[in-house]
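Here the structure is laid out as structure tokens; the discussion comes afterwards.
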Amino acid sequence: QEQLMESGGGSVQAGGSLRLSCAASGFGDRRYCMGWFRQGTGKEREGVAIINRSGSTIFYVDSVKGRFTISRDNAKNTLHLQMNSLEPEDTGVYYCAARRSYECYEYNWSDQDNFGIWGQGTQVTVSS
């Protein structure tokens, strides 16, 4: 059974950093397009960043460009999100997700309906 489990969330002050990790299990040799989504209180869930199996194709939401970096370690079946210069607006539950496709496509890249495998989420809280 394909499963995703996030870790690394926590509470930091504005300007701080956190590194999220997502451990994938049950995928065998399948290296799917994967990504991070987040949902703030009272807000809809939004796509933060996605990455294809080789790491050659990456998309970010405009609000995190230059601050967040998505990466993956296929040998360890792990996805990461390095978050720097955190802002209170980054607060929310962060979810790891996988799309049953080896490539990530720019068209509607952040459409969560394209992602069929989800983790439970990890809370990130940024205080001002």
Side-chain angles (χ1 to χ4, degrees):
Q1 183 179 359
E2 297 166 327
Q3 292 184 327
L4 300 172
M5 181 173 294
E6 303 92 340
S7 62
S11 298
V12 296
Q13 290 190 326
S17 298
L18 283 173
R19 180 177 172 85
L20 304 183
S21 295
C22 172
S25 59
F27 285 73
D29 293 333
R30 298 180 295 277
R31 302 291 184 258
Y32 291 141
C33 170
M34 298 185 69
W36 291 96
F37 291 73
R38 66 185 179 187
Q39 186 168 20
T41 303
K43 298 181 180 180
E44 293 187 355
R45 189 157 57 182
E46 67 168 349
V48 175
I50 65 171
I51 184 170
N52 71 338
R53 62 175 173 172
S54 67
S56 61
T57 299
I58 293 174
F59 300 111
Y60 293 100
V61 67
D62 286 346
S63 61
V64 308
K65 287 180 179 177
R67 301 189 297 123
F68 290 11
T69 302
I70 188 171
S71 63
R72 64 192 298 165
D73 184 339
N74 289 332
K76 296 182 179 179
N77 296 320
T78 305
L79 179 73
H80 299 287
L81 185 68
Q82 178 66 43
M83 305 186 295
N84 298 329
S85 301
L86 282 161
E87 303 169 353
E89 293 74 22
D90 296 317
T91 294
V93 179
Y94 282 68
Y95 298 91
C96 173
R99 173 176 180 168
R100 290 188 173 89
S101 168
Y102 292 141
E103 294 302 326
C104 296
Y105 301 101
E106 185 172 11
Y107 180 74
N108 282 349
W109 69 263
S110 60
D111 185 347
Q112 59 185 304
D113 290 338
N114 293 325
F115 291 78
I117 309 166
W118 292 84
Q120 294 297 311
T122 185
Q123 177 70 43
V124 171
T125 302
V126 184
S127 58
S128 57

Heavy-atom closest pair, residues [X] and [Y]:
{"X": "G92", "Y": "Q123", "result": "O-NE2, 3.5 Å"}
{"X": "S128", "Y": "P88", "result": "CB-CG, 3.9 Å"}
{"X": "C104", "Y": "I50", "result": "CB-CD1, 3.6 Å"}
{"X": "S101", "Y": "E103", "result": "OG-O, 2.9 Å"}
{"X": "E89", "Y": "K43", "result": "O-NZ, 4.4 Å"}
{"X": "Q82", "Y": "N84", "result": "NE2-OD1, 2.9 Å"}

Nearest 0.5 angstrom please: [X] [atom1] to [Y] [atom2], how far?
{"X": "W36", "Y": "Y95", "atom1": "CH2", "atom2": "OH", "value": "12.0 Å"}
{"X": "R53", "Y": "C33", "atom1": "CZ", "atom2": "SG", "value": "11.5 Å"}
{"X": "M34", "Y": "I117", "atom1": "CE", "atom2": "CD1", "value": "8.0 Å"}
{"X": "D90", "Y": "S85", "atom1": "CG", "atom2": "OG", "value": "9.5 Å"}
{"X": "Q3", "Y": "C22", "atom1": "CD", "atom2": "SG", "value": "11.0 Å"}
{"X": "T57", "Y": "I51", "atom1": "OG1", "atom2": "CD1", "value": "9.0 Å"}

Look at the side chain of [X] and the backbone N and O of [Y], then say whether any donor-acceptor pair between them is shorter than 3.5 Å.
{"X": "S56", "Y": "S54", "answer": "no"}
{"X": "N108", "Y": "D111", "answer": "no"}
{"X": "Q13", "Y": "S127", "answer": "no"}
{"X": "N74", "Y": "N77", "answer": "no"}
{"X": "S110", "Y": "G47", "answer": "no"}
{"X": "T125", "Y": "T91", "answer": "no"}
{"X": "W109", "Y": "A49", "answer": "no"}

If two hydrophobic side chains count as joined below 4.5 Å and joins carry through other members, does [X] share a cluster with [Y]?
{"X": "Y105", "Y": "F59", "value": "no"}
{"X": "I70", "Y": "Y102", "value": "yes"}
{"X": "L81", "Y": "W118", "value": "yes"}

Y94 versus R38, side-chain donor and acceptor atoms under 3.5 Å: yes
Whether over 12 other heavy atoms sit under 6.0 Å from E46 CD: yes
Residue pair E6 / L20, side-chain heavy-atom distance below 4.5 Å: no
Close side-chain approach of L4 and F27, heavy atoms under 4.5 Å: yes
Centroid-centroid distance, F68 to Y60, less than 6.0 Å: no
